[in-house]
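The structure appears right after this line, and notes come after that.
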2 protein chains.
Amino acid sequence: MRAYNFNAGPAAIPLPVLEKAQKELVNFQNTGMSVMELSHRSKDYEEVHNRANSLLRELLGIPDTYEVLFLQGGASLQFTMIPMNFLPENKTAHYILSGAWSEKALKEAKLFGETRILASSKEENYTTIPSFSLEGVEEDGAYVHITSNNTIYGTQWNEYPTSPIPLIADMSSDILCKEIDVEKFSLIYAGAQKNLGPSGVTVVIVKKDFLETARTNVPTILSYATHSKNNSLFNTPPTFAIYMLSLVLEWVKEQGGVKSIQKLNEEKAGYIYSAIEESDGFYKGHATKGSRSLMNITFTLPNEELTKKFLQEAKDRNFIGLAGHRSVGGCRASAYNAVPKEACEALANFMKEFKNQHK
Amino acid sequence: MRAYNFNAGPAAIPLPVLEKAQKELVNFQNTGMSVMELSHRSKDYEEVHNRANSLLRELLGIPDTYEVLFLQGGASLQFTMIPMNFLPENKTAHYILSGAWSEKALKEAKLFGETRILASSKEENYTTIPSFSLEGVEEDGAYVHITSNNTIYGTQWNEYPTSPIPLIADMSSDILCKEIDVEKFSLIYAGAQKNLGPSGVTVVIVKKDFLETARTNVPTILSYATHSKNNSLFNTPPTFAIYMLSLVLEWVKEQGGVKSIQKLNEEKAGYIYSAIEESDGFYKGHATKGSRSLMNITFTLPNEELTKKFLQEAKDRNFIGLAGHRSVGGCRASAYNAVPKEACEALANFMKEFKNQHK
C-alpha cells in the first residue's frame, strides 16, 4: 500500500512518474540500456536533458533572456556560488532572513565580502515573512537574497517585490507550486528534492544580463558561466536525476500546468489548515495567517505527550514524515505538488478524529 | 536486446543491479515509497547509506583511519576542493600529468597557490604514464596528485609510489577494477559513473590525519570536514545515486570481490588487446604496452575511412560507445567492471572479422 508521504524532502514523487521510470529502467526507449547507462554526449540523453530544460521554461514562462542550468551540490552549494560569482569587493549583499536556510545562505556570503541583514523575523521565531524596505539598496547593493518558502517554519512569501538591484531567490521548497513572475528575479535556484524530483540535481534560472556581471576569477566548476556556455554539460551531469526531473515536469504539464497545480495545492493545504482552525485551539499553527505556506503546514498540539501519541497513531495509519523540525517542534505536513489530494483529506480527517478523542 | 555497452561514462551497470532497482523502484522494502521518496534522515535510507559505506570499506580494505564520503559535483569539483582544502600559502602542490584530466586538476589548483608539474607525458601525446621522481618533494610539497587511469588515452598506473608527502589520486575511471593498497594514499576520489554506478555521486576516501591538516577558512559545503563530521549527511545527499552505488557494491561482493573482478577484467581486456596484437598492425594501440589500461582500450585503424566503417558496422551489431575521444581519434572500448565478458569476446571477434575483410 502506497504511503501518505508528507516528508519535507526528499519527498513524494508522482506515482505515474515512478511507474514510467520503473517500466523503462532497464531498457530506455529500446536502446538496450538504462537511461543511467547512456553517455551524456549521446543523442538519446541529450533529448532528455533538453526536454527537461524546455518543459521548465514552458511551465514557468521563463523568457529567452534567461538560462536554465542543471547543477549539483544542492541549494547549499548555491549559498557559496552566489557570492563567489556575484559579490564584488566594493559592494554589499543584502539578505532577508525568514528562516534557518536564509541564515545559512548569509553565513556563506560573509566569507566573500560585505553583507547586510535587510530584515529578519528571527525574533518572532520565524513565524512570519519579515517586512522590509528596499530603499537605498541600490547605493552599494550587489543583490538582495530571499528564501521564498521556509520548510522548517511553514512560511512562504505571497508577493515578490520589484527590486532596484538583482533579486535572488532560493525556491527549493516551493518552485512550481504556484505561478510566479520570473522577470522579477535575476537568479532563482532550487534543489530538486521537494517539487522537482529526486535529490541530486539543482535547477538554476539566471538572467543572461546578470550572468555577464559575474566575477571571472572563480574555479571553473563553480562559475555559472561554465555551465551556461556548455548547456550544463561541462562535466557529467546527474543524468538520472535530470531524467526524473523531465518526467516530473511532463506530469505537471499533464495536470494542466502550474496554474492547475496551484489551485490543487490551495485545496490540499486548505484541508489541513481548516483542520487546524476548526480545532478550537487543539492544533495551533506556527506561521501567522498572512505568511502561511502552501507547501509546509506546521502546527503544534497541546503538549508533548499528545504530540507523541499523534505521531505514533499517524504512523500506524500510514502517514509518513509528520514530525516537526526539532527547532520548532510539533508537527509538519509537507504537501508538495506530488502529494495527492486524498492524502491531505485523509490527514485532515485523522486530525479531526484525534482531536475529538483527546480534546 | 541488451546493448554491448562500451561507453566511457556514464557506462554499463550490471544487469542484476538494474533489475533489482527496477523491481523495488516504486515500493522500496515495503515502505510504500520509492527509495527516492525516503527522507535522508529516515532509518530506511540511513541503512542504505551506511551499507554503501561499509561495503566500499570491505571491498577496498579501507582502514578505520580513513573516512569514506559521498559528495556531489563529480571529479571536477574535487579538482577545486583539493587545493582549496589542502594547499596552504607557503607550500607547493605537485601534479603528475598523464592526460587531459590531470591537466584540468592542475588548472584549478593554480587558482589557490603554487603548483609544480613533477612529470608529464604530454609530449608523447599521453601514450604512457610518465616516469618521475619524488625526490625533494617534501621540501615544500603539500601533496602529489596523480590520475590513476586516463580514460581518453587508455593508460593506467600499474604501480603506485610510496610518497614522502600526501599522495592524492583521481581514480574515477578505475576504482574497484583491481586491488590497491589504500594506505599509500591520503586521499582518493572517484566520480561514480564508470565503475560505481550512475553519475551524480562522487566517492572520497580520505585519511583522518590528513583531514586534520585542512584549511579552515573554506566555504562550509566545500570543506571535507563538514561532510566527514556529518557522515555525508550535512545536506541532502543524492540518495538514489548512493542507493545504486550500494547495489553495485553488493554485486561486486557477489562476484567474489575486487580480486575476482580484477581477474575478470584482465581476461576481458585481454580479448581486445589480443585482437589488436594479432591484427598484424591493422589495429594499433594508442597506449604503450607497459601503460595499458584495463578499463579503456584505445586503438586506431589504418585510415579515417575504415575507422568510420568500423564504427558504423559496430553500431549495426549493437556495440555502443566505441568512438575514440576527439583528441586521440580512432576507437576506444571502455570495458568497466560491469561490461560482461561476452561483450568483450564479441567485440574481439568482430574486430578480427572486420580486419579479415578489410586487410
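Proteins get letters first, then strands, A, B, ... in listed order; numbering begins at 1 in each.
Among B:Val218, B:Ile320, B:Asn27, B:Val201, the residue with the largest count of heavy-atom pairs under 4.5 Å with chain A is B:Ile320. The greatest number of non-hydrogen atom pairs below 4.5 Å with chain B, out of A:Pro10, A:Gly191, A:Pro238, is found for A:Pro10. Chain A forms the most heavy-atom pairs under 4.5 Å with one residue out of B:Leu222, B:Asn235, B:Thr220, and that residue is B:Thr220. Looking only at heavy-atom pairs under 4.5 Å with chain B, the residue among A:Gly200, A:Pro219, A:Ala8, A:Gly321 that has the most is A:Pro219. Looking only at heavy-atom pairs under 4.5 Å with chain A, the residue among B:Ser76, B:Ala192, B:Pro198 that has the most is B:Ser76. Between chain A and the options B:Asn30, B:Ile242, B:Thr80, B:Leu15, heavy-atom pairs under 4.5 Å are most frequent for B:Thr80.
When heavy atoms are compared at a cutoff of 4.5 Å, B:Leu71 does not approach chain A at all. Within the 4.5 angstrom heavy-atom criterion, atoms from both the backbone and the side chain of A:Thr239 approach chain B. For A:Ala21, the parts lying under 4.5 angstrom from a heavy atom of chain B are both the backbone and the side chain. With a 4.5 angstrom heavy-atom cutoff, A:Lys23 touches chain B only via backbone atoms. Only the side chain of B:Phe112 comes within contact range of chain A, judged by heavy atoms closer than 4.5 Å. Proximity to chain B (any heavy atom under 4.5 Å) is restricted, for A:Ala11, to the backbone atoms N, CA, C and O.
Annotation: residues 32-45 of chain B contacts chain A through B:Gly32, B:Met33, B:Ser34, B:Met36, B:Glu37, B:Leu38, B:Ser39, B:His40 [non-hydrogen atoms, separation under 4.5 Å]. At a heavy-atom separation below 4.5 angstrom, chain A is approached by no residue within residues 324-331 of chain B.
A donor-acceptor pair is defined here as one N or O able to donate and one able to accept, closer than 3.5 Å; such a pair exists between the side chain of B:Ser199 and the backbone of A:Pro237. In terms of modelled atom types and a separation under 3.5 Å, the side chain of A:Gln22 and the main chain of B:Gln22 share a donor-acceptor contact.
Taking CD1 of B:Ile221 as the reference point, atom CE of A:Met81 lies at 12.0 Å (rounded to 0.5 Å). One distance of note links CG of A:Leu18 with CZ of B:Phe28; it measures 14.0 Å at 0.5 Å rounding. Of the inter-residue distances, the one linking B:Asn318 atom CG with A:Thr31 atom OG1 reads 10.0 Å to the nearest 0.5 angstrom.
The number of heavy-atom neighbours closer than 6.0 Å to CD of A:Glu114, taken from other residues, nucleotides and ligands shown, is 12 or below. Heavy atoms of other residues, nucleotides or ligands lying less than 6.0 angstrom from CG of B:Asn217 number more than 12.
Looking at B:Glu19 and A:Val26, their side chains come closer than 4.5 Å, going by heavy atoms from C-beta outward.
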